[in-house]
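As the structure is a computational prediction, the values presented were derived from the model and not from experiment.
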Amino acid sequence: MRPDTPAAHTTEAERLLRTAAQYPGDREPLHLQAAAHLELAGDRQAATALYDALLSSSPANPLLIRALKAANLWEYGHEAEARAIIEGVRRARPSDAAPWQITAETLEAHDELEAAERTLTEGAELLVTPADLPHATQSLLTARHRVRRMLALPHDAWDTQADTLHAGDVPLDELHDPKRLWSLGSEDPAELQAEITRLRSELGSYRTALSRPFPVAVLHWPERELDELLTAYPELEAEYPTYRAHLTDIEASLRELSTAGTPNLGIVRATVPSYEAFAASESTPPSNADLLPQYATTLAARGKATTWPPARTAPCWCGREAAYEECHGAE
């Protein structure tokens, strides 16, 4: 269950910091998760301290951390510093979508829609390519679509692309229509029901984003690791009857999640030593099958997930020497 009170968010932040101490190689993603929980707990100064600590240690994603820090600072009265950081992030021209979107949404949250639209457009000009777009870049286009609708700007090619990529039941033009809130004052039951449907769709998207800041990941045990796991813990044979069935279940599970509209899917590669260490940290025997999804989630939170699906001509996620479209992508 996700934390939903300030105290629960503080507790989760403390747990993540303890895990980071156990796995120093995964310190950065775990500290970012902890900072997010501290923000949700209302302890914004502690979150800023975590961002500063990360920035002082040569992080892998400094522009992402700066963008998150700026958003946090603005929320508790440090507008001038936040603006300076945002301008610095924009000038650095990040090569991934998240810093662009975070800085733009910070501006949007403070009613600076024109600046938000310029930022999102700059990011799109740099990152959108004719190839398949990763989830983060799709999200950038969706945010740009929303801001442009609020500014009453005409659709361009990227707005059309965002609407095409949108997987929800309600089109983006409806979700992002600034006039749709007017219908909340209507006495027409049909209009009210239509607005409830739109709001539920939008709320579902926000909940997905909030509850899944890292990929929804499925465990992949390489064949040798799976043999070792089942030799040590035969109780888990019910979960993994054969290696072939294990691979088939991975692809089937991910396709089912994708069909249901779940974004940001991934695969994490499991090893027996890592799993045993995780079980020890949770004070739970490795033979407990309920521990497996928790292990997958923890690996994803530590940045260990590989995005699914791979490009059709890329090597298959299973490790075979075949393209995805000729391997599990063909099933």
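In this structure, Tyr51 and Leu73 have side chains that are not in contact, with every pair of non-hydrogen atoms separated by 4.5 Å or more. In this structure, Gln161 and Gln138 have side chains that are not in contact, with every pair of non-hydrogen atoms separated by 4.5 Å or more. You'll find the side chain of Arg90 reaches within 4.5 Å of the side chain of Thr119, heavy atoms only. A 4.5 Å side-chain heavy-atom check between Trp74 and Ile85 finds every atom pair outside the cut-off. By the 4.5 Å heavy-atom criterion applied to side chains, Trp158 and Glu125 are counted as neighbours. Looking at Thr307 and Pro134, their side chains never come closer than 4.5 Å, going by heavy atoms from C-beta outward. Residues Pro310 and Trp308 are in side-chain contact: their nearest non-hydrogen atoms beyond the backbone lie under 4.5 Å apart. A 4.5 Å side-chain heavy-atom check between Pro309 and Leu254 finds every atom pair outside the cut-off.
Remark: Asp132 CG is loosely packed, at most 12 non-hydrogen atoms of other residues, nucleotides or ligands lying under 6.0 Å away. The neighbour count for Arg93 CZ, taken as heavy atoms of other residues, nucleotides or ligands under 6.0 Å away, does not exceed 12. Within a 6.0 Å sphere centred on CZ of Arg144, other residues, nucleotides and ligands contribute more than 12 heavy atoms. Within a 6.0 Å sphere centred on CD of Gln45, heavy atoms belonging to other residues, nucleotides or ligands number 12 at most.
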>> Set out, in order, the CA-CA distance, both residues' side-chain angles and the distance that settles side chain to side chain contact (heavy atoms under 4.5 Å, CB included) for Tyr240 and Leu292, then state yes or no.
In response: CA-CA 12 Å; Tyr240 307 113; Leu292 294 167; 3.6 Å; yes

>> If you apply the rule side-chain hydrogen bond (donor to acceptor under 3.5 Å, both in side chains), what do you find for His78 with Asn72, and how did you get there?
In response: CA-CA 9 Å; His78 297 268; Asn72 182 53; over 6 Å; no

>> Run Tyr324 and Glu251 through side-chain hydrogen bond (donor to acceptor under 3.5 Å, both in side chains) and show every step you take.
In response: CA-CA 11 Å; Tyr324 176 63; Glu251 185 71 22; 2.5 Å; yes

> Are Glu12 and Leu16 close enough, and set up right, to give a side chain to side chain contact (heavy atoms under 4.5 Å, CB included), and what steps lead you there?
Replying inline: CA-CA 6 Å; Glu12 180 66 8; Leu16 288 163; 4.1 Å; yes

> Between Ser57 and Arg27, is a side chain to side chain contact (heavy atoms under 4.5 Å, CB included) present by the stated rule, with each step listed?
Replying inline: CA-CA 10 Å; Ser57 60; Arg27 175 175 175 265; 3.0 Å; yes

>> For a side-chain hydrogen bond (donor to acceptor under 3.5 Å, both in side chains) check, start with the C-alpha distance between Thr103 and Arg66, then their side-chain angles and the critical distance, and finish with the verdict.
In response: CA-CA 9 Å; Thr103 53; Arg66 290 183 185 281; over 6 Å; no

>> Before you tell me yes or no, could you show the steps for Gln294 and Thr297 under side chain to side chain contact (heavy atoms under 4.5 Å, CB included), namely the whole-Å CA-CA distance, both residues' side-chain angles and the distance that decides it to 0.1 Å?
In response: CA-CA 5 Å; Gln294 298 176 42; Thr297 299; 5.7 Å; no

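One distance of note links NE2 of His37 with OG1 of Thr11; it measures 10.5 Å at 0.5 Å rounding. The line from CZ of Arg148 to NE2 of His176 is 13.0 Å long, rounded to the nearest 0.5 Å. The SG atom of Cys318 sits 5.0 Å away from the NE2 atom of His328 when rounded to the nearest 0.5 Å. If you take CD on Glu235 and CG on Leu229, they are separated by 10.0 Å, rounding to the nearest 0.5 Å. Atoms CD1 and CG, from Ile267 and Leu219 in turn, are 10.5 Å apart once rounded to the nearest 0.5 Å. Distance check: Leu54 CG to Ile65 CD1 gives 4.5 Å after rounding to the nearest 0.5 Å.
Note: the hydrophobic cluster containing Leu226 also contains Val272 (ILVMFWY, side chain heavy atoms under 4.5 Å, direct or indirect links). Linking Ile, Leu, Val, Met, Phe, Trp and Tyr residues whenever their side-chain heavy atoms come within less than 4.5 Å leaves Leu141 and Leu120 in two separate clusters. Under the 4.5 Å side-chain heavy-atom criterion for ILVMFWY residues, no single connected hydrophobic cluster contains both Val147 and Leu172. Transitive grouping of hydrophobic side chains (ILVMFWY, heavy atoms separated by less than 4.5 Å) brings Leu265 and Leu299 into a common cluster. Residues Trp317 and Val216 fall within the same hydrophobic cluster, defined by Ile, Leu, Val, Met, Phe, Trp and Tyr side chains chained together at heavy-atom separations under 4.5 Å.
Counting all heavy atoms, side chain and backbone alike, Pro154 lies closest to Asp159 at O-OD2, 3.8 Å. Nearest heavy-atom pair, Pro293 versus Ala289, reported as atom, atom and distance to 0.1 Å: CD-O, 3.6 Å. Contact between Leu126 and Pro94 at its shortest, heavy atoms only, is CD2-O, 3.0 Å. Minimum heavy-atom separation, Ala70 to Ala82: O-CB, 3.3 Å. Residues Tyr233 and Ser287 come closest through the heavy atom pair CD2-N, 4.1 Å. Summarising the geometry of Ala143 relative to Gln101, their closest heavy-atom pair is CB-NE2, 3.9 Å, with the distance given to 0.1 Å.
When each of Leu140, Leu127, Val128 is checked for a side-chain contact (heavy atoms from CB on, under 4.5 Å) with Leu133, only Val128 meets the rule. When each of Leu30, Leu38, Leu50 is paired with Leu17, the side-chain contact (heavy atoms from CB on, under 4.5 Å) condition holds for Leu50 and for no other.
A salt bridge links Arg146 to Glu105: at least one charged side-chain nitrogen sits closer than 4.0 Å to a carboxylate oxygen. Note on Glu112 versus Arg118: no salt bridge recorded, every NZ/NE/NH1/NH2 to OD/OE distance being 4.0 Å or above. Using a 4.0 Å cut-off between charged side-chain N and carboxylate O, Glu225 and Arg269 make no salt bridge. Classification of Glu228 and Arg224 as a salt-bridged pair fails, no side-chain N sitting under 4.0 Å from a carboxylate O. Salt bridge Lys69/Asp52: present, at least one basic N to carboxylate O contact under 4.0 Å.
Under the ring-ring contact (aromatic ring centres under 6.0 Å, His included) criterion, Tyr23 pairs with no residue at all, not counting sequence neighbours.
Side-chain contact check for Thr313 and Glu325: no donor-acceptor pair (N or O, by modelled atom type) lies under 3.5 Å. In the model, His155 has no side-chain atom that pairs as donor or acceptor with a side-chain atom of Asp163 under 3.5 Å.
No donor-acceptor pair under 3.5 Å is formed between the side chain of Ser139 and the backbone N or O of His135. Put simply, the side chain of Thr160 gets close to the backbone of Asp156: a donor and an acceptor are under 3.5 Å apart. Remark: side-chain polar atoms of Glu28 are paired, donor with acceptor, to backbone N or O of Asn61 under 3.5 angstrom.
When ring centroids are compared, His145 and His166 stay outside the 6.0 Å threshold. Taking the six-membered ring wherever Trp is involved, the centroid distance between the rings of Tyr243 and Trp221 does not fall below 6.0 Å.
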